[in-house]
Protein chains: 2
Amino acid sequence: MVVGDVFKALADPTRRALLDELQERSGQTLYELVTRLITRHGSTSSRQAVSQHLDVLERAGLVRTRREGRYKFHDLDTSPLRAITDRWRLDPEPPPPGANP
Amino acid sequence: MVVGDVFKALADPTRRALLDELQERSGQTLYELVTRLITRHGSTSSRQAVSQHLDVLERAGLVRTRREGRYKFHDLDTSPLRAITDRWRLDPEPPPPGANP
DNA sequence: ACGATAGGCAAGCAACCGCTTGCCTGACAA
DNA sequence: TTGTCAGGCAAGCGGTTGCTTGCCTATCGT
């Protein structure tokens with residue numbers, strides 16, 4: 001199940017921070033992400049930990065990668081998140097019943 | 001972290017099936033949900049398992065409950081899911097590039 | 001009162017997850 | 001060619017999770 005992988009990937013705070021970081025600055029390498037996680041998100045994750053997190057995100061389809069020489073750049077892909085809003089129809093605003101006559 | 005609880009709750013297929021079931025028919029009891037999970041979703045979860053799943057969903061704010069006598073009714077609440085669309089800005093529809101002239 | 005029904009509590013267990021540790025591969029620069 | 005830098009592979013560990021098992025409480029019908 002693909003949708004399960006997406007939710008599992010989003011269940012970890014470090015992985016959500018990685019998505020935040022990739023949204024703000026696209027095309028970062030592993031080392032860039034590690035240092036920016038530490039300096040900007042207060043994370044203490046090692047290189048291997050972040051690498052494994054990126055694997056999970058890539059398998060879930062939330063991160064796309066491209067190789068150039070010895071560098072591997074990561075890009076955010078939010079399209080799998082749309083399945084969430086499609087599944088449980090999220091209207092813009094739920095009107096509170098009886099709160100506003 | 002509340003947002004982490006929401007994603008963890010959604011990471012389980014049985015819990016997602018419970019949300020589907022509650023969306024289709026609101027206000028079901030624990031026993032109703034168990035039987036409908038078995039008959040309609042092919043699940044084999046026991047009563048205790050479903051009860052614990054409902055606890056997780058309730059703690060995540062995705063399910064609201066109301067007690068009447070010896071019955072406990074469950075209702076779906078999709079408002080926590082809105083945090084997802086707010087965090088990684090999900091536009092309503094991604095225009096396919098060059099697909100519709 | 002008594003049984004049946006709807007649900008709750010808690011201990012225990014196997015499987016999974018996040019992370020570390022150690023070593024290895026491949027690309028560039030000197 | 002040798003050293004350095006970016007990244008990968010895999011085994012192992014401690015904590016968490018999903019589920020079972022067993023027992024208990026509360027409400028309703030008769």
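Every heavy atom of this structure was used, including side-chain atoms; hydrogens, water molecules and symmetry mates were not. Lettering follows sequence order; numbering is per chain, from 1.
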**Study point:** Between P of dA27(C) and NZ of K72(A), the distance in whole Å
**Key:** 14 Å

Practice item. Could you tell me the separation between the CG atom of D5(A) and the P atom of dC16(C), rounded to a whole number of Å? Key: 14 Å

Check your understanding: For dA6(C), does OP1 or OP2 lie under 4.0 Å from any side-chain N or O of T29(B)?
Key -> no

Point to revise | Protein-nucleotide distance (Q48(A), atom CD; dG22(C), atom P), rounded to Å | key: 11 Å

Exercise for review: Indicate, yes or no, whether a donor-acceptor pair under 3.5 Å links the base of dT27(D) to the side chain of E68(B).
Suggested key: no

Practice item. Output, in order, the C-alpha distance, side-chain angles, deciding distance and verdict of side chain to side chain contact (heavy atoms under 4.5 Å, CB included) for L54(A) and K72(A). Key: CA-CA 11 Å; L54(A) 287 172; K72(A) 187 179 182 182; over 6 Å; no

Review point. Taking CZ from R47(B) and P from dG8(C), how many angstroms apart are they, rounded to a whole number?
Key: 8 Å

Check your understanding: Taking for each residue the nucleotide of DNA chain C bearing the nearest heavy atom, is the 5' side occupied by H53(A) or by G69(A)?
Key -> H53(A)

Point to revise | Phosphate OP1/OP2 of dG18(C) contacted by R15(A) side-chain N/O (<4.0 Å) | key: yes

Check your understanding: Does S46(A) make a side-chain N or O approach to OP1 or OP2 of dT20(C) shorter than 4.0 Å?
Key -> yes

Check your understanding: Please give, in whole Å, the distance from dT17(D) C1' to F7(A) CZ?
Key -> 18 Å

Review point. When the distance from CG of L30(B) to P of dC9(C) is rounded to whole Å, what number comes out?
Key: 12 Å

Study note, to complete from the structure: Closest heavy-atom pair, T29(B) versus E32(B), reported as atoms and distance to 0.1 Å, is N-OE1, 2.8 Å

Review point. Does the dC5(D) base have a donor-acceptor partner in the side chain of R70(A) within less than 3.5 Å?
Key: yes

Point to revise | Distance, rounded to the nearest Å, where D12(A) contributes CG and dC16(C) contributes P | key: 18 Å

**Study point:** Worked verdict on L81(B) versus L62(B) for side chain to side chain contact (heavy atoms under 4.5 Å, CB included)
**Key:** CA-CA 8 Å; L81(B) 294 179; L62(B) 290 164; 4.0 Å; yes

Practice item. In sequence, state the C-alpha distance, the side-chain angles, and the governing distance for L19(A) and T78(A), and then conclude on side chain to side chain contact (heavy atoms under 4.5 Å, CB included). Key: CA-CA 9 Å; L19(A) 295 184; T78(A) 58; over 6 Å; no

Review point. Which residue, R66(A), Q28(A), R64(A), forms the side chain to side chain donor-acceptor pair (under 3.5 Å) with D75(A)?
Key: R66(A)

**Study point:** Rounded interatomic separation in angstrom, taking CG from L10(A) and C1' from dC17(C)
**Key:** 16 Å

Point to revise | Base dT20(D) to side chain Q52(B), donor-acceptor N/O within 3.5 Å cut-off | key: yes

